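These notes concern the structure reproduced below.
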2 protein chains.
Amino acid sequence: MAGSAQRTRHATIFDVAKLAGVSHQTVSRVLNGHPNVREATREKVREAVAQLRYRPNLAARAMVNRRSRNLGLLTTGSPDYGPSSTVSGFTRAARTAKYSVTISTAVDAEPASLQASLDLLLGQQVEAVVLVLSRMEILRGLQGVEFETPVVAVEPSGLSPWPSISIDHYGGARLATDHLIELGHREILHLAGPSNSMDATERSRGWRDTMSEHGLVAHPPVTGDWSPSSGYLGGRELLCRHPGATAVFSANDQMAVGCLHALRESGRSVPEDVSVVGFDDVPEAEHLEPPLTTMRQDFFQLGEDIMELVLATLSDAPAAPPVRHVPELIVRASTRRR
Amino acid sequence: MAGSAQRTRHATIFDVAKLAGVSHQTVSRVLNGHPNVREATREKVREAVAQLRYRPNLAARAMVNRRSRNLGLLTTGSPDYGPSSTVSGFTRAARTAKYSVTISTAVDAEPASLQASLDLLLGQQVEAVVLVLSRMEILRGLQGVEFETPVVAVEPSGLSPWPSISIDHYGGARLATDHLIELGHREILHLAGPSNSMDATERSRGWRDTMSEHGLVAHPPVTGDWSPSSGYLGGRELLCRHPGATAVFSANDQMAVGCLHALRESGRSVPEDVSVVGFDDVPEAEHLEPPLTTMRQDFFQLGEDIMELVLATLSDAPAAPPVRHVPELIVRASTRRR
DNA sequence: CGGCTATGTGTTAGCGCTAACATCAGCCGG
DNA sequence: CCGGCTGATGTTAGCGCTAACACATAGCCG
């Protein structure tokens, strides 16, 4: 195994050329799979490449053809299940497409800070930037920021000025609410995600629309910040305001965990007294007390959808209307017919 | 706001030079903060830079001074709390140090696949590679892979041939076990992480050593894969094997969730019959039934520690013996004196 | 058999930048 | 008042690579 900090000068295309006894341009042709190179020559070059452990310098290559095969990703770096799964789904899809991904985390939503994060990406000559717009302020902070690069947003509303893609949070919320209505619930409360989150807004909208379409009253939701603690606090307030409610739709599983805590504390049992539906299907969901009914999202699919949109944008293809995949309802023990 | 896919040719240093009425080299000097430039000239250049929205091409800069200000990160891309928090802690620390981070996910532990992931990073001219060695196979798969780049490993054993850093999993596990022993428990079971995980191995070692130092029998642990489901299965098996045990130390919180499920199912209550300690302090821990006693890790600190080690390695500094920070015991309701 | 294309290969220029050297003022002391 | 110094600038070369062109050689047609 190689030592640690050795920084030997890499072999260049000229070293390879000399060893193979050809010109550097012929080496370049072999590297880039051009035709019009004799098979024998091709073989000689490949041998020299292997022998010298030659690896093309992508910075040099990028300078010439203005393609870095590098994509930028701007995120808030929150360890929440949704955003972090989105990131790993996308990096995987990018790797499959032979792109590397440079990540930049926005420490806050200040324009200056966002600008700095973006500068870091743009400086790395990314071909496109993927914005994971988990919070509305990020979008606002990005107003006035100039992009010299194609941009793709991961965001459900379509409000951003860029081509966007995301999970169909609205549709997922509708399915969740439908499930509760079908079970006979009428007073269905909503524990919403932060109002600055577009995902949360879509989920709330899905709940509200479904309620009103069934002629049910949608009590004003309580807003959390995705965290279990906020779900606990929000759950308590919701119960205090509407003691007769029989169901809660939580905008994510983490808040649902907190909500279950609050319900337990108030002496209510789930699902006998109150049914609860979450959103995300975190791995824990199955093992909570009680196992949580929730909406499962396919993040690998999302990652591939993002990549597809990036590729379409890069090739200036007429962006096909994005397919926003709908989460799947996973029924467990936290919901019951009333 | 800028349009989406416009790909205007960027201004170069020559454009700035012409506008400011100086030579490109003077622009370069201003950009790099060299002395020996008149303040008036400096100002002219800065104005031209602003006016043209000029942004230096880091690829070109990297070619000349062989510094890309870009670091590579190789990870498995698992959405587990530990690894993903490590990644976000590190990207944050890197940003603070004005480095960008290019992420590559290893799809599997095959040498060929690892090699491909690394090639992607090395191709991006990273100055150093950070390996998040969550699994032993990755280390094995990396045998024989050549690095032309300084490498830093995030790994607790020190078994890898590179400078390494990590949380002190061993110490954390000792604290967790000590806590249970102090509460009077004698038969303390261990729900271990996957045997291919070095973090898991360290945590198990900490538990075993502490047990034996107190003259207690360390029953062979059951091994999970970090997931709640494996914790559930493992918990069941552990209970079946040792029905009289009064405490369980789970190698992470997620498995502890599954273990709580198994305990509940077997009719045992926590902490009355059995005490449980987890590891990680995931945000949910506080709101589980019962709230979980666990070991909290500081991932931002870890991110900074990694960055420090990277910087030391890059500057060929005599690597100071790494400080491995010890997790903090957070006592909640899942443990009780017996 | 001169001129044609097709095929393989080499040569040159230039991507945007910085290091190193060159230049040219202005200033000082002898 | 000249050699040498200092500070501010310009000029040149070259990082590693690919596109574009140049140039051989071979094969084929009229």
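Note on naming: letters A, B, ... go to the chains in the order of the sequence lines (proteins, then strands), and numbering restarts at 1 for each one. The figures here come from the full heavy-atom set of this structure, side chains too, leaving out hydrogens, waters and symmetry mates. None of the values given here were measured: they were computed from a predicted structure.
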Name the closest nucleotide to the B:His34 side chain, picking from C:dG16, C:dT9, C:dA19.
C:dA19
State whether the side chain of B:Glu127 and the backbone N or O of B:Ser68 hold a donor-acceptor pair below 3.5 Å, judged by distance alone.
yes
Is it the case that the base of C:dT18 and the side chain of B:His24 share a donor-acceptor contact (distance under 3.5 Å, atom types as modelled)?
yes
Take the protein atom CE of A:Met63 and the nucleotide atom C1' of C:dC15, then report the distance between them rounded to whole Å.
4 Å
Polar side-chain atom of A:Gln301 near backbone of A:Glu304 as donor-acceptor pair, under 3.5 Å
no
Does CD belonging to A:Glu308 count more than 12 external heavy atoms closer than 6.0 Å?
no
Heavy atoms under 4.0 Å, any strand shown: does B:Asn65 hit a base, just sugar-phosphate, or nothing?
nothing
Go nucleotide by nucleotide along DNA chain D from the 5' end; which of B:Asn36 and B:Ala60 gets its closest nucleotide reached first?
B:Asn36
A:Ser28 side chain N/O closer than 4.0 Å to the phosphate oxygens (OP1, OP2) of D:dC17?
no
Evaluate the criterion side-chain contact (heavy atoms from CB on, under 4.5 Å) for residue pair B:Leu302 and B:Asp298; output intermediate values, then yes/no.
CA-CA 6 Å; B:Leu302 176 61; B:Asp298 186 343; over 6 Å; no
Could you tell me whether B:Asn57 contacts a base, only the sugar-phosphate backbone, or nothing, with contacts defined as non-hydrogen atoms closer than 4.0 Å?
sugar-phosphate
For A:Tyr54 and B:Gly21, find the nucleotide of DNA chain D closest to each by heavy atoms; which residue's nucleotide sits nearer the 5' end?
B:Gly21
At less than 4.0 Å, is any side-chain N or O atom of A:Arg55 found next to OP1 or OP2 of D:dG16? Yes or no.
no
Residue A:Gln25, side-chain heavy atoms: nucleotide from D:dA8, D:dA19, D:dC17 that is nearest:
D:dA19
Can you check whether B:Glu137's main-chain N or O pairs, donor with acceptor, with B:Asn196's side chain at less than 3.5 Å?
no
Rounded off to whole Å, could you give me the CG-to-C1' distance for the B:Leu58 and D:dC15 pair?
15 Å
Whole-Å distance, A:Arg66 CZ to D:dA19 C1', equals 13 Å
Does D:dG10 have its OP1 or OP2 closer than 4.0 Å to a side-chain nitrogen or oxygen of B:Thr26?
yes
Looking only at side-chain N and O atoms, does B:Thr41 come under 4.0 Å of OP1 or OP2 in D:dT9?
yes
In this structure, how many angstroms lie between the P atom of D:dA24 and the CZ atom of A:Arg38, rounded?
17 Å
B:Ser134, B:Ser166, B:Ser160 screened by side chain to side chain donor-acceptor pair (under 3.5 Å) with B:Glu155, the one that passes
B:Ser160
Rounded to whole Å, please give me the gap between CD in B:Gln125 and C1' in D:dC15.
11 Å
Donor-acceptor pair (no angle test) under 3.5 Å: B:Arg29 side chain, D:dG10 base:
yes
Just call it for A:Ser23: base, sugar-phosphate, or nothing, with non-hydrogen atoms closer than 4.0 Å on any strand.
base
Grab the CZ-C1' distance between A:Arg61 and C:dG16 for me, whole Å please.
18 Å
If I take atom CG in residue B:Leu31 and atom P in nucleotide C:dT18, what distance separates them, rounded to the nearest angstrom?
6 Å
OP1 or OP2 of C:dT18 less than 4.0 angstrom from a side-chain nitrogen or oxygen of B:Arg67, does that happen here?
no
Nearest listed nucleotide, side chain of B:Ile13, among D:dG10, C:dT18, D:dA19
C:dT18
With a non-hydrogen cut-off below 4.0 angstrom, is A:Pro56 in contact with a base, only sugar-phosphate, or nothing?
sugar-phosphate
When the distance from CG of A:Asp15 to C1' of D:dC15 is rounded to whole Å, what number comes out?
13 Å
